[in-house]
Amino acid sequence: MFERFTTEARTVVTTAQQEARRLHHDHIGTEHVLLALLADPAGPVARSTGLEAEAVRADVLQRIGGHNQDGPVLSDADAEDAAALKAIGIDLAAVREAIEANFGEGSLRLPRPAEKKRGLFGKIHAGSGHIPFTKRNKKVLELSLREAIRLRQKFIAPEHIMLGLLREGQGLAMLIMADRGIDVDRVRTDMERSVSATTG
């Protein structure tokens with residue numbers, strides 16, 4: 001499948017991995033792919049959605065933590081649980097703040113696992129560890145291939161990845177877009193139009 005990815009689509013995948021590292025997350029979720037798709041402010045996804053990567057990154061940090069705090073990192077499924085709690089009036093961020101106010105800052109943080117030493121003299125090679133894609137994100141990439149096939153295109157571009165994200169319809173990226181009032185049908189139409197223009 002990856003042989004069909006354009007250079008730009010491959011960049012989206014590698015940028016998603018960089019976003020996960022930047023935020024100190026142990027997975028590559030739909031939120032990281034959305035951030036990677038928004039990395040080019042003049043790109044089709046940023047133009048269509050009107051979203052800015054920095055605003056989405058701040059939203060991700062607020063919802064699941066990361067970069068500035070070493071608190072628990074949630075997967076897409078955990079983010080959905082947080083959204084479900086919010087739907088019944090429980091704000092996870094407020095609960096976290098209340099616990100830290102009563103028990104001290106960082107009281108929810110789990111101890112970091114000991115870093116593994118590698119190399120002849122036990123030097124640590126940071127940043128070389130593999131970060132896995134979530135099951136949902138693997139499905140998004142698979143759906144990007146299906147979208148390319150549906151559109152009778154032999155390549156996978158960033159627009160196909162966005163179409164896969166929209167078609168999968170779940171995960172933190174979709175929650176963020178829903179909360180920001182993004183018109184999914186219009187974005188889908190824009191992505192189809194954009195990717196068709198590159199072949200026509």
Side-chain angles (χ1 to χ4, degrees), residues 5-23 25 27-68 73-76 78-80 82-84 86-87 91-93 133-134 136-137 139-148 150-151 153 155-200:
F5 277 52
T6 63
T7 302
E8 294 82 6
R10 289 172 194 246
T11 299
V12 168
V13 173
T14 57
T15 303
Q17 183 179 38
Q18 292 166 359
E19 286 291 346
R21 285 189 199 287
R22 176 180 183 179
L23 297 170
H25 292 170
H27 66 281
I28 303 171
T30 59
E31 65 276 16
H32 304 112
V33 169
L34 179 59
L35 284 167
L37 287 165
L38 295 171
D40 177 6
V45 174
R47 282 193 325 263
S48 178
T49 62
L51 295 174
E52 295 178 355
E54 284 302 318
V56 171
R57 191 174 295 109
D59 202 354
V60 170
L61 286 170
Q62 180 184 1
R63 289 171 184 264
I64 65 173
H67 186 51
N68 292 324
V73 175
L74 307 178
S75 67
D76 279 334
D78 294 330
E80 286 180 5
K86 188 174 182 178
D91 182 356
L92 195 57
F133 280 89
T134 61
R136 173 163 289 126
N137 217 5
K139 182 72 173 176
V140 165
L141 295 178
E142 178 188 317
L143 290 171
S144 69
L145 171 62
R146 291 187 185 181
E147 288 294 322
R150 180 180 67 83
L151 295 170
Q153 294 165 334
F155 61 93
I156 299 172
E159 292 94 335
H160 294 113
I161 298 173
M162 185 62 178
L163 287 168
L165 193 67
L166 297 174
R167 185 169 169 184
E168 200 280 331
Q170 303 286 318
L172 185 52
M174 291 301 293
L175 288 172
I176 289 169
M177 288 191 287
D179 285 354
R180 291 175 178 268
I182 301 300
D183 182 345
V184 171
D185 292 330
R186 182 184 54 74
V187 172
R188 184 177 290 113
T189 301
D190 289 349
M191 293 302 101
E192 290 175 1
R193 188 177 299 128
S194 173
V195 81
S196 295
T198 58
T199 59

Rounded to the nearest 0.5 Å, what's the gap from [atom1] on [X] to [atom2] on [Y]? Could you check?
{"X": "R10", "Y": "I161", "atom1": "CZ", "atom2": "CD1", "value": "11.0 Å"}
{"X": "D183", "Y": "T189", "atom1": "CG", "atom2": "OG1", "value": "8.0 Å"}
{"X": "L172", "Y": "D179", "atom1": "CG", "atom2": "CG", "value": "9.5 Å"}
{"X": "D59", "Y": "M177", "atom1": "CG", "atom2": "CE", "value": "11.5 Å"}
{"X": "R21", "Y": "H32", "atom1": "CZ", "atom2": "NE2", "value": "11.5 Å"}
{"X": "E168", "Y": "L163", "atom1": "CD", "atom2": "CG", "value": "13.5 Å"}

Discussion item. Could you walk me through whether V60 and L34 satisfy the side-chain contact (heavy atoms from CB on, under 4.5 Å) test, starting with their C-alpha distance in whole Å, then the side-chain angles of each, then the deciding distance to 0.1 Å, before giving a yes or no?
Written reply: CA-CA 11 Å; V60 170; L34 179 59; over 6 Å; no

Show the nearest heavy-atom pair for residues [X] and [Y], with the distance to one decimal.
{"X": "P44", "Y": "E159", "value": "CG-OE2, 3.4 Å"}
{"X": "A36", "Y": "A16", "value": "CB-N, 3.5 Å"}
{"X": "R180", "Y": "V56", "value": "NH2-N, 4.3 Å"}
{"X": "A39", "Y": "P41", "value": "O-CD, 3.1 Å"}

Are the side chains of [Y] and [X] in contact, using a 4.5 Å heavy-atom criterion?
{"X": "R57", "Y": "L38", "answer": "no"}
{"X": "L23", "Y": "E31", "answer": "no"}
{"X": "F133", "Y": "V140", "answer": "no"}

Worksheet item: Among V12, T11, L141, L145, whose side chain to side chain contact (heavy atoms under 4.5 Å, CB included) with F5 holds?
Response: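 Result: among V12, T11, L141, L145, L141 is the only option passing the side chain to side chain contact (heavy atoms under 4.5 Å, CB included) with F5.
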
Worksheet item: Which of these passes side chain to side chain contact (heavy atoms under 4.5 Å, CB included) with V187: L165, L51, T49, V45?
Response: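 One option only clears the test, and that one is T49.
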
Please check this pair: side chain of [X] against backbone of [Y], looking for a donor-acceptor N/O pair closer than 3.5 Å.
{"X": "T30", "Y": "N137", "answer": "no"}
{"X": "S194", "Y": "D190", "answer": "no"}
{"X": "R146", "Y": "G164", "answer": "no"}

Item to complete: Sequence neighbours left out, what passes ring pair (Phe, Tyr, Trp, His ring centres under 6.0 Å) with H160? Give chain and number order.
Response: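 Checked H160 against ring pair (Phe, Tyr, Trp, His ring centres under 6.0 Å); matches are F155.
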
Item to complete: Check the pair M162 / L166 against side-chain contact (heavy atoms from CB on, under 4.5 Å), numbers first and verdict last.
Response: CA-CA 6 Å; M162 185 62 178; L166 297 174; 4.1 Å; yes

Worksheet item: Is the shortest distance from a Lys or Arg side-chain nitrogen in E147 or R188 to a carboxylate oxygen in the other one below 4.0 Å?
Response: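 The answer is no: the pair does not qualify as a salt bridge.
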
